[in-house]
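Position 1 is the first residue of the sequence, and the numbers go up from there. Just so you know, ligand 1 is whichever comes first in the structure, and atom 1 is the first atom listed for that ligand.
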Amino acid sequence: MPNLTKIAPSATGQIMMQFDTGEQFEIAPLDLRFACPCASCVDEITGKRTLKRENLKADVKPTKIEPVGRYGIHIDWSDGHRTGMYHFDSLYSLAKAKT
Ligand SMILES: [Zn+2]
């Protein structure tokens, strides 16, 4: 599993992520917000996403990003959502899928 070495908003309004594989990606804040894996965005039993993309604000962005142990990050969003914890491996797959 690749480790995230850096995550920060970029000058273009995207979110820049760097991994210890040497790869660097930029993804849209909305894509990251939509990928939130928490129990209010994904049904814990079926694994189905209950969050609807059209219910998100197009200009949603992180207000705070902090590390969780050595395997993930926690993001506070401008829409008030703050229960999402993202594992490095899911960030990596998301970044790969979006580029
Ligand atoms: Zn969520």
Side-chain angles (χ1 to χ4, degrees):
M1 177 187 93
N3 280 311
L4 184 73
T5 50
K6 193 178 175 189
I7 181 165
S10 78
T12 56
Q14 304 286 93
I15 296 172
M16 188 279 294
M17 296 194 277
Q18 248 172 34
F19 291 88
D20 61 0
T21 56
E23 289 165 292
Q24 183 171 319
F25 304 94
E26 286 200 352
I27 81 160
L30 183 61
D31 287 333
L32 192 56
R33 172 66 183 84
F34 184 59
C36 180
C38 86
S40 58
C41 296
V42 176
D43 187 296
E44 282 182 291
I45 301 194
T46 64
K48 274 189 74 175
R49 183 160 298 280
T50 48
L51 174 68
K52 294 196 170 21
R53 198 175 172 103
E54 60 266 28
N55 292 344
L56 291 173
K57 291 183 176 153
D59 65 348
V60 69
K61 51 180 182 291
T63 55
K64 191 163 141 201
I65 301 176
E66 54 193 4
V68 177
R70 291 185 182 173
Y71 55 87
I73 54 162
H74 172 258
I75 303 180
D76 281 4
W77 291 97
S78 57
D79 62 3
H81 195 67
R82 51 188 306 163
T83 44
M85 219 281 292
Y86 298 74
H87 282 261
F88 291 163
D89 52 354
S90 59
L91 288 173
Y92 188 73
S93 332
L94 183 70
K96 280 286 207 190
K98 291 290 174 189
T99 47

* **Salt bridge K98-D31, side-chain N to carboxylate O under 4.0 Å** => yes
* Does CD belonging to E66 count more than 12 external heavy atoms closer than 6.0 Å? -> yes
* Asked: Around the Zn ion (ligand 1), what protein N, O or S atoms are found below 2.8 Å?
  -> C36 SG, C38 SG, C41 SG, H81 NE2
* Determine, for F34 and R49, whether the Lys NZ or Arg CZ falls below 6.0 Å from the six-membered ring centre while staying within 45 degrees of the axis. => yes
* Roughly how far, to the nearest 0.5 Å, is the OH atom of Y86 from the SG atom of C36? -> 4.5 Å
* Asked: What is the minimum heavy-atom distance between T21 and P2, and which atoms define it?
  -> CG2-CB, 3.8 Å
* Using a strict 4.0 Å threshold on nitrogen-to-oxygen distance, state whether R82 and D76 make a salt bridge. => yes
